[in-house]
Amino acid sequence: LAPEFQPSKPLSFRVDLSGTNSLIRYTGNPLARISEAAGETPPLFVFDSNTRNLIASPDEDSCVIPPGEGEKRWEHVAEIEELLLERKAARDSLLVAVGGGVVCDLGAFAASIYMRGMRLILVPTTLLSMVDASLGGKTGVDFLGYKNILGSFYPAEEVIISPPLLETLPQREYRNGLAEVIKHAILADDELYVLLRDRREEVLAREPGILREIIYRSQRVKARYVQQDPKEKGIRGHLNLGHTFGHALESLGNLSAVSHGEAVAWGIVKALDAGVEMGITDSAYAEELRELFISYGYTTEGLADDPEALVDASMRDKKKRGGELRFILQRKRGDTLFSPVERDILLRVLQRG
Ligand SMILES: NC(=O)c1ccc[n+]([C@@H]2O[C@H](COP(=O)([O-])OP(=O)(O)OC[C@H]3O[C@@H](n4cnc5c(N)ncnc54)[C@H](O)[C@@H]3O)[C@@H](O)[C@H]2O)c1
């Protein structure tokens with residue numbers, strides 16, 4: 001590993017989003033940093049019940065929501081706004097969200113609308129939220145059955161990364177985030193790919209130096225895309241590799257049966273299969289990647305019970321453009337493109353499972 005990634009060394013970098021930027025700060029002591037940033041007025045903390053004791057005991061008027069995607073609701077945003085009003089919070093008061101993507105998205109949304117935007121620090125505590133959800137300014141909640149339908153672009157002033165927070169994370173949640181790490185590697189970081197391929201045991205065991213390296217490299221890939229295209233008008237869409245099939249599978253299936261990461265891993269394999277069918281994707285690359293996902297324990301076959309319904313669900317996916325399904329495909333590692341895919345090809349690929 002490069003010496004600058006040794007766990008004892010502090011590290012920070014800035015993600016610039018057309019004018020507003022987030023400082024990504026690595027520290028072993030999030031609470032000390034938060035106290036320093038907060039100044040005189042104590043911040044309002046938002047946790048879920050699994051993250052409430054991870055960095056500090058919550059004071060009685062912290063907001064603690066129940067865990068899970070089902071709680072990514074407007075009602076909890078309203079609770080936070082009430083607490084802020086009770087505390088007479090001002091625009092320069094600080095909200096700190098400590099949790100996975102649910103708490104980060106919801107807390108950031110609440111901060112973005114209080115007095116049209118108050119100070120915000122995120123402390124992501126899942127691998128997924130460290131490498132993905134906390135970075136890039138997207139906030140939001142689900143509403144009337146629509147995922148992330150209410151939201152805003154509101155980058156946190158600081159994202160505090162403390163890899164030891166992942167020690168208590170269940171392995172299934174860890175693998176959920178690893179699928180996005182693998183995706184970032186194949187989009188734009190060969191060295192990360194080699195590390196994931198050659199040091200799998202250490203990656204799965206969360207060896208501290210490796211963990212820090214995969215988080216940092218993965219964030220750097222996402223940061224590069226969001227800096228180039230903050231509002232996702234073009235190239236940021238590459239980050240959705242595997243997500244059209246993945247979302248379709250999630251929307252049809254029993255949500256608890258397939259995690260988001262599992263759906264994305266499967267979706268990437270299927271997207272590459274479609275690319276091979278169309279003569280776009282190098283077949284040896286598609287095979288190598290399938291094997292990598294299998295070696296990490298992801299299921300790459302046998303999830304598509306109803307291919308017709310899956311194709312229909314993919315068509316409904318929001319990435320539909322002009323009546324054609326615009327897929328994200330790869331020619332090979334690091335070479336990504338948007339392309340329509342014909343229904344017949346989708347069906348053929350999904351009929352394999
Ligand atoms: N804003 C974005 O750009 C963006 C990007 C990707 C995903 N997301 C959103 O992120 C959400 C998913 O995030 P997630 O996968 O982190 O799920 P999550 O927030 O539901 O967390 C998963 C589970 O892990 C628990 N947990 C969190 N940290 C823990 C820890 N350190 N130890 C033990 N348990 C812990 C949580 O309580 C929860 O039960 C989705 O709502 C998705 O829409 C947002």
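Just follow the structure's listing: the first ligand is 1, and inside any ligand the first atom is 1. Residue numbers count from 1 along this sequence.
Within the model, atoms CD of E262 and CG of L303 stand 8.0 Å from one another, a figure rounded to the nearest 0.5 Å. The distance from atom CZ of R119 to atom CG of L95, rounded to the nearest 0.5 Å, is 11.0 Å. Distance check, rounded to the nearest 0.5 Å: CG of D61 to CG of L84 gives 10.0 Å.
Listed by atom number, the atoms of ligand 1 under 4.0 Å from G100 heavy atoms are 16 (O), 19 (O). Residue contact check: N176 has heavy atoms under 4.0 Å from atoms 15 (O) of ligand 1. For ligand 1, the atoms sitting less than 4.0 Å from at least one non-hydrogen atom of L54 are 30 (C), 31 (N), numbered in the order shown with element in parentheses. Near P67, the atoms of ligand 1 lying under 4.0 angstrom from a non-hydrogen atom of the residue are 37 (O), 39 (O). Per-residue contacts place L128 under 4.0 angstrom from the following atoms of ligand 1 (heavy atoms of the residue considered): 7 (C), 10 (O), 12 (C), 13 (O), 14 (P), 15 (O). For ligand 1, the atoms sitting less than 4.0 Å from at least one non-hydrogen atom of T51 are 27 (C), 28 (N), numbered in the order shown with element in parentheses. Taking a cut-off of under 4.0 Å to the non-hydrogen atoms of L165, the atoms of ligand 1 that pass are 31 (N). Within ligand 1, counting atoms from 1 as listed, the ones closer than 4.0 Å to a heavy atom of K72 are 9 (C), 40 (C), 41 (O), 42 (C), 43 (O).
R87 has no carboxylate O lying under 4.0 Å from a charged side-chain N of E82, or vice versa, which leaves the two without a salt bridge. Ion pairing between a basic and an acidic side chain is recognised when a charged N comes within 4.0 Å of a carboxylate O; R206 and E167 show no such pairing. For the pair K138 and D105, the salt-bridge criterion is not met [side-chain N within less than 4.0 Å of a carboxylate O]. Classification of E158 and R33 as a salt-bridged pair holds, one side-chain N sitting under 4.0 Å from a carboxylate O. K183 has no carboxylate O lying under 4.0 Å from a charged side-chain N of D189, or vice versa, which leaves the two without a salt bridge.
Of the protein's non-hydrogen atoms, T126 OG1, 2.6 Å is the one closest to atom 16 (O) of ligand 1. Protein heavy atom nearest atom 28 (N) of ligand 1, with residue, atom name and distance: T125 OG1, 2.7 Å. In terms of protein heavy-atom proximity, atom 25 (C) of ligand 1 is closest to N50 ND2, 4.0 Å. Closest to atom 9 (C) of ligand 1, if we only count protein heavy atoms, is D105 OD2, 3.4 Å.
Closest of all the heavy-atom pairs between G261 and A179 is O-CB, 3.2 Å. In plain terms, the two heavy atoms of Q227 and V15 that are nearest each other are OE1-CA, 3.1 Å.
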E207 vs R199, salt bridge (Lys or Arg N to Asp or Glu O under 4.0 Å): CA-CA, chis, key distance, verdict = CA-CA 10 Å; E207 193 281 314; R199 301 179 77 170; 5.6 Å; no

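Of all the listed residues (R52, M130, E69, K222), E69 holds the heavy atom that lies closest to atom 41 (O) of ligand 1. Of the candidates G70, G101, A108, the one placing a heavy atom closest to atom 17 (O) of ligand 1 is G101. Nearest-heavy-atom check against atom 6 (C) of ligand 1 across D132, D142, V102 picks out D132.
A side chain to side chain donor-acceptor pair (under 3.5 Å) with T336 holds for exactly one of H238, Q330, R331; it is Q330.
Of all the heavy atoms of K147, the ones lying under 4.0 Å from any atom of ligand 1 belong exclusively to the side chain. Only the side chain of N148 comes within 4.0 Å of ligand 1, counting heavy atoms alone; its backbone N, CA, C and O stay farther away. At a heavy-atom distance under 4.0 Å, atoms from both the backbone and the side chain of K138 approach ligand 1. The proximity of T168 to ligand 1, defined as any non-hydrogen pair under 4.0 Å, involves the side chain as well as the backbone. Here T139 has no heavy atoms under 4.0 Å from ligand 1, in either its backbone or its side chain.
Ligand 1 has an N or O atom lying under 3.5 Å from an N or O atom of D48, backbone or side chain.
For the ligand labelled ligand 1, residue L169 lies inside the 4.0 Å heavy-atom shell. The closest approach between any non-hydrogen atom of E180 and ligand 1 is not below 4.0 Å.
A cation-pi arrangement is present between R333 and Y193, with the terminal nitrogen or guanidinium carbon under 6.0 Å from the aromatic centre and inside a 45° cone about the axis.
Looking only at atom types and distance, the side chain of E69 has no donor-acceptor partner in the side chain of H260 under 3.5 Å away.
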